[in-house]
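One structure is given here, and the rest of the page talks about it.
All ligand and atom numbering here is 1-based and tracks the order in the structure.
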Amino acid sequence: MPLPKAELHLHIEGTLEPELAFALAARNGIGLPWADTDALREAYRFADLQSFLDLYYELMAVLRTEQDFADLADAYLARAAAQGVRHAEIFFDPQAHLARGVGMGTVVEGLWRALGASETRHGVTTRLIMCFLRDESAASALETLDAARPYLDRITGVGLDSAEVGHPPAKFREVYEAAAALGLRRVAHAGEEGPPAYIAEALDVLGVERIDHGLRCVEDPELVARLVRDRVPLTLCPLSNVRLRTVESLGDHPLPAMLDAGLLCTVNSDDPAYFGGYAGDNFDAVREALGLGDDRLRELARNSFHAAFLDDDEALRARYLAEVEAYTF
Ligand code: ADE
Ligand code: ZN
């Protein structure tokens with residue numbers, strides 16, 4: 001039995017496995033520029049975040065109907081459950097779909113078909129977090145929030161993703177203020193490729209409660225001290241960092257030093273279909289490459305539930321935390 005954990009940094013579009021992509025392409029009569037799944041997998045050699053994003057957005061062309069989004073999410077939840085994920089907070093990128101003529105309702109209702117059945121079908125509780133693409137305009141983010149208004153009962157929070165450098169958090173001050181006024185939780189990618197200053201800005205200007213990635217905080221000791229003091233969760237994605245070359249190899253990942261410093265780190269999969277593994281695979285990989293012991297792994301699992309948006313069900317959080325403490329390796 002795998003260690004129980006919460007997944008807090010997972011882009012649902014990044015769970016699109018080549019086999020499902022080809023199946024959806026066939027179902028929707030869409031041609032793909034790769035001969036087969038092997039040829040597509042060959043393209044998964046990324047130089048940086050942008051080279052990944054180019055392919056990530058291109059392959060989304062196969063997602064057209066509610067059922068496509070339901071199938072995508074259900075496949076993810078089945079895989080996550082098999083790797084010990086008990087709770088998943090799932091990002092989606094509506095602007096990437098709206099731009100292709102796929103409506104907000106198609107995306108949210110489709111995802112909800114799978115998420116609404118997830119606890120019964122897979123034993124995984126879920127939350128949905130709507131991300132704004134930071135390389136699109138602030139006005140576009142505001143329009144996206146507006147388009148989501150009919151679906152806010154299904155959306156727990158907002159996030160910020162896509163190409164980071166040159167798109168600082170402050171660009172999105174207004175939409176984050178509007179999201180807060182609507183009662184939405186706030187997170188943002190920061191310090192993946194962008195500088196540590198973006199992490200501080202996301203906290204100060206956007207009022208985020210968690211930082212997605214946050215890896216580059218290690219370059220700024222004062223920022224680290226702040227993140228430790230304020231118990232700001234960082235949703236790290238070790239296999240993603242290797243594939244996108246933000247760290248040279250898994251053995252060089254600063255996770256052990258970050259835990260030693262007292263940072264509230266969690267381990268997540270980001271875009272598992274592209275980066276070589278789901279949540280449990282990321283746990284296994286850091287255990288092997290970094291020599292993390294059972295206590296450290298339990299700490300990571302415990303952190304994931306502490307950092308989860310389960311404030312509306314503290315009894316559930318307590319139950320998950322008890323599962324972590326009772327786990328025998
Ligand atoms: N969108 C999907 N994956 C992402 C990542 N790792 N960073 C920024 N935006 C993303
Ligand atoms: Zn991400």
Per-atom contacts, ligand 1 versus Glu192 - under 4.0 Å to a heavy atom: 5 (C), 6 (N), 7 (N), 8 (C)
Close-contact set for ligand 1 against Leu53 heavy atoms, below 4.0 Å: 1 (N), 10 (C)
Mutual orientation of the aromatic rings belonging to His189 and His213 [parallel < 30°, tilted 30-60°, perpendicular > 60°]: perpendicular
Steps toward side-chain contact (heavy atoms from CB on, under 4.5 Å) verdict (Phe52, Asp48): CA-CA 7 Å; Phe52 155 70; Asp48 53 18; over 6 Å; no
Residue, atom name and distance, where the atom is the protein heavy atom closest to atom 3 (N) of ligand 1: Asp271 OD2, 2.6 Å
Nearest option to atom 9 (N) of ligand 1, as decided by whichever heavy atom of Ser162, Ser240, Gly194 sits closest: Ser162
Ring center gap for Phe91 and His9 short of 6.0 angstrom: yes
Angle subtended at the Zn ion (ligand 2) by His11 NE2 and His9 NE2, rounded to 10 degrees: 110°
Aromatic Phe309 / basic Arg210 pairing, under 6.0 angstrom, 45° off normal: yes
Within the 6.0 Å centroid threshold, strictly below: His97 and Phe69: yes
Cys237 near the Zn ion (ligand 2) via N/O/S, less than 2.8 Å: no
Atom indices of ligand 1 within 4.0 angstrom of Phe52 heavy atoms, with elements: 2 (C), 3 (N)
Heteroatom test (N, O or S) for Glu192 near the Zn ion (ligand 2), limit 2.8 Å: no
Heavy atom of the protein closest to atom 6 (N) of ligand 1 (residue, atom name, distance): Asp270 OD2, 2.7 Å
His11: numbered ligand 1 atoms lying under 4.0 Å from its heavy atoms: 1 (N), 2 (C), 3 (N), 4 (C), 10 (C)
Ring-face cation contact, Phe283 with Lys5, 6.0 Å cut, 45° max: yes
Lys/Arg N to Asp/Glu carboxylate O, Glu17 vs Arg41, below 4.0 Å: yes
Residues Asp71 and Arg113 bridged, charged N to O under 4.0 Å: no
Atom indices of ligand 1, in the order listed, that fall short of 4.0 Å to a heavy atom of His213: 6 (N)
Which N, O or S atom of Asp270 lies nearest to the Zn ion (ligand 2), by name: OD1
